[in-house]
Amino acid sequence: MVLLSKPATECCSSYSRNLKLSKSSSSGIPVIDLSKPDSKQLIVKACEEFGFFKVINHGVPMDFINRLESEAIKFFSLPDSEKEKAGRADPFGYGSKHIGRNGDVGWVEYLLLKANIEANSDRFKLVYGTNPDEFRSALNDYIQAVRTMACEILELMAEGLNIGPGNVFSKFLLDEQSDSLFRLNHYPPCPELQGLSEHSDRNVVGFGEHTDPQIISILRSNNTSGLQILGDGTWISVPPDQYSFFINVGDSLKVLTNGRFQSVRHRVLANGSKSRVSMIFFGGSPLTGKIAPLPSIMKEEEQSMYKEFTWFEYKTVCYHSRLADNRLGHFERIEAS
């Protein structure tokens, strides 16, 4: 059974009109208001310094968010035998505790899907029989809305970097062959942590340390903590905010910007008393899409830090590695001694 925490009141963040990032007071996480005219410069600054930020005034209807979360709760509340009808996560389908093929485990269950809704129709029918339409409709509305937001953010990045064309990043996601993915995660209350203070140093990993390999990730969760990002060698807890979205720079975007943007390492810790439900859209390139530093972003005489590769080549490396591995290391250029 999925037990949700009580919703919190919506956070109102102060906003500075200069290039000083607005930050969550308790964590230092950049907060960017997409309705403000200088959001593009603030996004670039956040990508350079953190590779991670929160967006408010994002334009995604709360109805879309609430409907999909409700459908996710219904799914994860089903008996295991029913959830398993979605197929074993290899890679798409339902997974529990085992993450990927290479031994990574965590206190999590998940449903990994293609962002192309029609490609998932058979999975919905297997789980929901002859009436899969509510789940499919909620998923379709949500993915379309967050893909639009992801493209808007990517175009603001290009504008903030003063490079063209404006769709230099977003074109990967808008391509009909885009290999974008969508994941629903459920972190049940962990029995090992029940009864412990929230300040206890006892941790159970829900989803292990990693960077996202795609171009951009759009994360939304319910009002339960657990997400952490790695900054200056220290794990920083990200305060939950069920009304906002958190944005991750992916490895592919780091390469496209020749390392100017950072792909942030992050993880999720389990909770002893509350259930955490998260929804992540991973915006990716077509399999044949070429990933390499953009000439327009490199300064005069600046050298490329990475060899050119296709998304298929990088995806293959990811599937054959552990979560915490430095997967970009395979494609870094090594200076001759």
Side-chain angles (χ1 to χ4, degrees), residues 16-23 28 30 32 34 36-53 55 150-175 178-179 211-217 229-233 247-266 282-315 317-318 325-337:
S16 174
R17 292 192 177 277
N18 58 26
L19 285 185
K20 182 178 180 182
L21 285 171
S22 174
K23 298 179 181 179
I32 296 174
L34 291 183
K36 298 292 185 177
D38 56 355
S39 59
K40 54 184 177 291
Q41 291 97 344
L42 295 174
I43 287 171
V44 168
K45 188 174 178 64
C47 290
E48 291 175 339
E49 295 181 1
F50 290 84
F52 182 85
F53 54 95
V55 294
C151 290
E152 177 188 352
I153 290 170
L154 290 170
E155 288 167 11
L156 286 170
M157 288 177 185
E159 192 175 348
L161 288 167
N162 197 29
I163 60 173
N167 68 343
V168 66
F169 300 133
S170 62
K171 66 181 181 181
F172 292 101
L173 277 62
L174 293 171
D175 192 294
S178 170
D179 188 40
T211 58
D212 293 339
Q214 290 87 357
I215 292 171
I216 192 171
S217 304
I229 64 170
L230 190 62
D232 295 326
I247 314 301
N248 283 356
V249 170
D251 291 341
S252 296
L253 186 55
K254 180 177 182 178
V255 172
L256 289 167
T257 61
N258 203 35
R260 181 166 172 177
F261 287 1
Q262 303 302 310
S263 54
V264 67
R265 285 191 167 266
H266 55 288
F282 300 98
S285 164
L287 291 174
T288 56
K290 294 181 178 180
I291 310 296
L294 298 171
S296 59
I297 206 170
M298 291 193 288
K299 300 175 183 177
E300 188 176 350
E301 298 184 0
E302 181 179 349
Q303 298 297 309
S304 170
M305 294 172 57
Y306 302 96
K307 306 170 189 175
E308 181 180 272
F309 54 87
T310 65
W311 170 238
F312 176 79
E313 290 172 324
Y314 194 48
K315 189 174 182 179
V317 168
C318 293
D325 288 349
N326 175 21
R327 295 169 289 201
L328 274 181
H330 295 269
F331 301 97
E332 291 175 354
R333 292 188 182 278
I334 301 173
E335 295 289 342
S337 58

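Start at 1 with the first residue, then count along the sequence.
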_Looking at every non-hydrogen atom in both residues, tell me the closest pair between Thr211 and Ser263 and how far apart they are._
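That closest heavy-atom pairing would be CG2-O, 3.5 Å.
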
*Identified side-chain contact (heavy atoms from CB on, under 4.5 Å) counterpart of Leu294 within the set Val255, Leu161, Val168*: Val168

*Using modelled atom types only, decide if a donor and an acceptor are shared between the side chain of Arg260 and the backbone of Val44 within a distance under 3.5 Å.*
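Not a single qualifying donor-acceptor pair exists.
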
*Separation of Asn258 CG from Glu302 CD (nearest 0.5 Å)*: 4.5 Å

*Check the pair Leu34, Leu156 against side-chain contact (heavy atoms from CB on, under 4.5 Å), reporting the backbone distance first and the verdict last.*
CA-CA 9 Å; Leu34 291 183; Leu156 286 170; 4.2 Å; yes

*Starting at CG of Asn248, measure out to CD1 of Ile229 and round the result to the nearest 0.5 Å.*
8.5 Å

_Spacing of His266 atom NE2 and Asp212 atom CG [to the nearest 0.5 Å]_ = 3.5 Å

*Grab the two heavy atoms, one from Pro213 and one from Arg327, that are nearest each other, plus how far apart they are.*
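That closest heavy-atom pairing would be CD-NH2, 4.1 Å.
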
_Minimal non-hydrogen separation, Glu155 against Ser170, with atom names_ = OE2-OG, 2.8 Å

*Closest approach of Ser252 and Ile291, non-hydrogen atoms and distance?*
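So the two residues come closest at O-CG2, 3.8 Å.
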
_When you measure from the side chain of Thr310 to the backbone of Thr288, do you find a donor-acceptor pair of N or O atoms at a distance under 3.5 Å?_
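A pair under 3.5 Å: no.
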
*Glu48 side chain reached by Thr257 side chain, heavy atoms, under 4.5 Å*: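 A side-chain contact is absent here, since even the closest heavy-atom pair is not under 4.5 Å.
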
_Distance, nearest 0.5 Å, that separates CD1 of Ile153 from CD1 of Ile32_ = 8.5 Å

*Is there a side-chain contact between Phe282 and Asp179, using heavy atoms and a 4.5 Å cut-off?*
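No. Closest side-chain heavy atoms not under 4.5 Å.
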
_Is there a side-chain contact between Pro293 and Met305 in this structure, where contact means two heavy atoms from C-beta onward sitting under 4.5 Å apart?_
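Counting from C-beta outward, Pro293 and Met305 never come under 4.5 Å.
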
*Write down the atom of His330, the atom of Lys307, and the distance for their closest heavy-atom approach.*
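Minimum heavy-atom contact is O-NZ, 4.4 Å.
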
*Would you say Met157 and Ile216 make side-chain contact, with heavy atoms under 4.5 Å?*
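Heavy-atom side-chain distance check passes, below 4.5 Å.
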
*Please report the shortest heavy-atom distance between Pro286 and Trp311, naming the atom on each side.*
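Of all heavy-atom pairs spanning Pro286 and Trp311, the closest is O-CB, 3.4 Å.
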
_What I'd like to find out is whether the side chain of Cys47 reaches to under 4.5 Å of the side chain of Phe53, using heavy atoms alone._
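When only atoms from C-beta onward are counted, Phe53 and Cys47 do touch, with a gap below 4.5 Å.
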
*Answer whether the closest heavy-atom distance between the side chains of Phe52 and Gln262 falls below 4.5 Å.*
no

*Check step by step if side-chain contact (heavy atoms from CB on, under 4.5 Å) holds for Asn326 and Glu332.*
CA-CA 10 Å; Asn326 175 21; Glu332 291 175 354; 3.9 Å; yes

_If you define the side chain from C-beta out and look only at heavy atoms, does anything of Ile297 sit under 4.5 Å from Phe261?_
no

*Distance from Leu154 atom CG to Ile215 atom CD1, nearest 0.5 Å?*
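Reported value, rounded in 0.5 Å steps: 7.0 Å.
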
*Using 30° and 60° as the class limits, which term best fits the ring planes of Phe331 and Tyr314: parallel, tilted or perpendicular?*
perpendicular

*Output the distance between atom OH (Tyr306) and atom CG (Leu328), rounded to the nearest 0.5 Å.*
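Spacing of OH (Tyr306) from CG (Leu328) equals 5.5 Å.
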
